[in-house]
Amino acid sequence: MQILRDLVEEPLESALTDIGITQDFWRKALGPSREKSQGDISLPCFAFAKQLAMNPNDIAANLADKIKGNFSVEATGGYLNFKADADWLATQVMSGVVKAKTRDVLIEHTSANPNGPFHVGRARNAILGDTLVRLNRLYGNNVKAEYYVDDMGKQVGVLAWALDNLTEDQVDEILDDSEAVNPKWSDKKDHQIVRWYQAAQQLRSTSTDDSIEEEIGKLVHASEHGDDTVLAKFEEAYTPVLNGMLETLSRLGIEFDTFTKESKFVVDGSVSKLMDRMQQLEIHGEADNGAFFLDLGQRGLKGKTDFFYRRGDGSSLYATRDIAYHMWKWSQCDNLINILGEDHKLQAKQVGMTLQELGEKVPEVMFYAFIKLPEGKMSTRKGNVVFMDDLLEEAQAQAAAVVRNLRADLSDEEISGIAEAVGVSAVRYNIVKVSPDKGFTFRWEEALSFEGESAPFIMYSHTRACSIAKKVGRNASYPGLGEIPTAMFELLRTMACFSDKLRQSVVENKPHVFALYLLELATAYNAFYRDCHVIMDGSVNEFNFSISEKARSLLREGMIGIGIIPLETM
RNA sequence: GGACACGUGGCCCAGCUGGAUAAGGCGGCGGCCUCCUAAGCCGCAGAUCGCGGGUUCGAAUCCUGCCGUGUCCGCCA
């Protein structure tokens, strides 16, 4: 609770000076209380014991006597506990918070190869990335959400070749219906066209005909040298697929501000300029066939230390283009964040070290572990996969069943609208609430849970507040302080941490911190709702109403920040 | 084999820039709708914080060894 900390630091500092502590390290020790019942922030006094030759409890007691303010101070078990006064807290919370100063942040996320529909594994990137975008915006930053389109290289090459060379019948024959499209998505281009890609992949792995490989190789080679015609052909091949993928993301509430094509940096010459510069670096090396690399071992990289950035034929590699891309990205913003799967850790390290070697800044990277299924790794080929489109349909259907059951008064259309919002929010929240570095096993029953630690739990608290507001039928006007029962006090304490949690979440790139905080806020609101009625015997308690309204607006802002749709009724 | 993550009650998960009785949720058991939406609320049971060492006044948190899981170790993307 930063606002309390700001209040406490000065008197605390002078009290510490009084007893002979002049070093500054107490500032680090002072932190949020672990026992919330004891206080909001605490100072453990154990570290002073030796220096003062006193026991920690006496030190704390001693300090407690010297400090006064709009808070209680108590010494317990060697801790000095500060707890904000209810009245002061209410005044602070009602007066609102100051937004942080704006920075230009570019967040690159998703950037999936445009070769097939999203499955829930690929979607972890999009959901985490978009949440970070939203949280940064809520924090006050000026954010650009960027999608890097992989429009060259082998994957698109295979897709383009297949669309040019295989008929629908041939595709059907090759795939032998082993991976039939869900009829529901038969008109959706990503589901449709991915079959050409899959058929081509199968053909490549089984065919003894070298000409296919040669043709694809030629295309890839041309694209990597910036051949306009081939790049145009590629674009024609992947665009409908990408659009299908974006449609899915859009249903999840995920949109992008800019799309940047990988080929841009080959075509505009920045990649070849970059390779020239890299060649001048101290740690540059050359292989027998003329390929270039950097010896990152000289800069402390362990394991495989040669980082190849140019092939023997002079063409660039994916990572090289990525470096050029990063240099361009830095020209767009003050702060750069990438969302990457843990499989990219080495690559990101190499890119980062090279950027450093070139005198460029290194981006922040948020890595996430893969999502797997209870049956094991997700694999389209083995049919062990859950498509996001299917998950969203199922979420909507199950949510609709719940709403229908609970709200007999609603029309089918209303039910469907609520169910869509509930389903999408639940799916997002299920992923965003866990720490990104944690391995994640997708389970239907967890993704579709609408109780407990879930989006609908938060949404429900919010609709309660909305329902009260609707019933009162006018805006709240803060009447000044009123009675503050325990449940309201606890709600105020939770609300007072909104900006702390938001800041932490943004500064540390940890969406789950804020996601879990919203759960606390909703829980605190539920207790307030239970104990502090706004409408009693037909008359409105203005103080309670204004607190409820404040909580409603924080819930709403927070939900938007985390990607939960703030329904007003459900 | 090497590098990097992760390992917390039956299940999921927070805490990990060292600090108080390890916080939630699911599942289980028992309560609460003449009272602003019960997708809610209250209570009970359930934890050798993977295992062994070390540092420290103090270790889930730091160091180290081992075990388990995941990822990477392409002149692929």
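We name chains A, B, ... by the order of the sequence lines, and we start the count at 1 in each one. Only this structure's heavy atoms are used, side chains among them; waters, hydrogens and symmetry mates stay out.
Set against B/U21, B/A77, B/C75, the side chain of A/Asn113 has B/A77 as its closest nucleotide. Checking B/C12, B/C41, B/A39 against the side-chain heavy atoms of A/Glu451 singles out B/A39 as nearest. Which of B/C75, B/A14, B/A39 sits closest to the side chain of A/Phe308 comes down to B/C75. Listed candidates were B/A77, B/C75, B/C36. Nearest to the side chain of A/Lys304 is B/C75. Nearest to the side chain of A/Gln155, among B/A14, B/C75, B/A77, sits B/A77. With B/C72, B/C75, B/G24 as the choices, the nucleotide that has an atom nearest any side-chain atom of A/Ala287 turns out to be B/C75. Comparing B/G40, B/G70, B/C75 against the side chain of A/Glu342 picks out B/G70 as the nearest. In the set B/C36, B/A39, B/A5, the nucleotide with an atom closest to the side chain of A/Lys471 is B/C36. When each of B/C12, B/C41, B/C57 is scored by its nearest atom to the side-chain atoms of A/Glu446, the top-ranked nucleotide is B/C12. Checking B/A39, B/U8, B/C57 against the side-chain heavy atoms of A/Lys438 singles out B/U8 as nearest.
Ring geometry, A/Phe265 versus A/Tyr148: the interplanar angle falls from 30° to 60°, so the pair is classed tilted.
Side-chain atoms of A/Asn509 and A/Glu364 form a donor-acceptor pair, as typed in the model, at a separation below 3.5 Å.
When the C1' atom is compared between B/G31 and B/C36, the two are found 23 Å apart, to the nearest whole Å. With both ends at atom C1', the span from B/U17 to B/A77 equals 36 Å, rounded to whole Å. Remark: the separation of the P atoms in B/U64 and B/C4 is 10 Å, to the nearest Å. Straight-line distance between the P atoms of B/C51 and B/U8: roughly 10 Å, to the nearest whole Å. Distance noted for atom P between B/A59 and B/G74: 43 Å (whole Å). Comparing the C1' positions of B/G58 and B/U69 gives a spacing of 32 Å, expressed to the nearest Å. Across the C1' atoms, B/G9 and B/C44 are found 15 Å apart, a figure rounded to whole Å. Distance noted for atom P between B/C67 and B/G25: 37 Å (whole Å).
Not one side-chain nitrogen or oxygen of A/His344 sits closer than 4.0 Å to the OP1 or OP2 atom of B/A5. For B/C26, the OP1/OP2 oxygens have no side-chain nitrogen or oxygen of A/Arg443 closer than 4.0 Å. When the side-chain nitrogen and oxygen atoms of A/Arg464 are compared with OP1 and OP2 of B/G40, none of them lie within a distance under 4.0 Å. OP1 and OP2 of B/G18 both lie 4.0 Å or more from every side-chain N or O belonging to A/Lys28.
Within the 4.0 angstrom heavy-atom criterion, only backbone atoms of the sugar-phosphate kind lie near A/Leu516; the bases stay farther away. Among the atoms of the strands shown, only primed sugar atoms or phosphate atoms (P, OP1, OP2) are found under 4.0 Å from some heavy atom of A/Phe457. Within the nucleic acid shown, A/Glu224 comes within 4.0 Å of sugar-phosphate atoms alone, with no base atom in reach, counting heavy atoms only.
If A/Leu317 and A/Glu508 are placed on RNA chain B by their nearest nucleotide, the residue sitting closer to the 5' end is A/Glu508. Comparing A/Lys302 and A/Met152 against RNA chain B, the residue whose closest nucleotide sits nearer the 5' end is A/Lys302.
With hydrogens and angles disregarded, a donor-acceptor distance shorter than 3.5 Å links the side chain of A/Arg124 to the backbone of A/Ala369.
Between A/Lys154 atom NZ and B/C75 atom P there is a gap of 13 Å when expressed in whole angstrom units. As a whole-Å value, the separation of A/Lys372 NZ from B/A5 C1' is 13 Å. Put simply, OH on A/Tyr529 is 15 Å from P on B/C33, counting in whole angstrom units.
A salt bridge is absent between A/Arg474 and A/Glu549: the closest approach of a Lys/Arg side-chain nitrogen to an acidic carboxylate oxygen does not fall below 4.0 angstrom. No salt bridge links A/Arg407 with A/Glu414; every basic N to acidic carboxylate O contact stays at or beyond 4.0 Å. Ion pairing between a basic and an acidic side chain is recognised when a charged N comes within 4.0 Å of a carboxylate O; A/Arg311 and A/Glu224 show such pairing.
Between the side chain of A/Gln347 and the base of B/A77, at least one donor-acceptor pair of N or O atoms lies under 3.5 Å. Between the side chain of A/Asp437 and the base of B/C6, no donor-acceptor pair of N or O atoms lies under 3.5 Å.
Residues A/Leu491 and A/Leu521 are in side-chain contact: their nearest non-hydrogen atoms beyond the backbone lie under 4.5 Å apart.
Base orientation of B/C33: syn, the glycosidic angle falling within 90° of 0.
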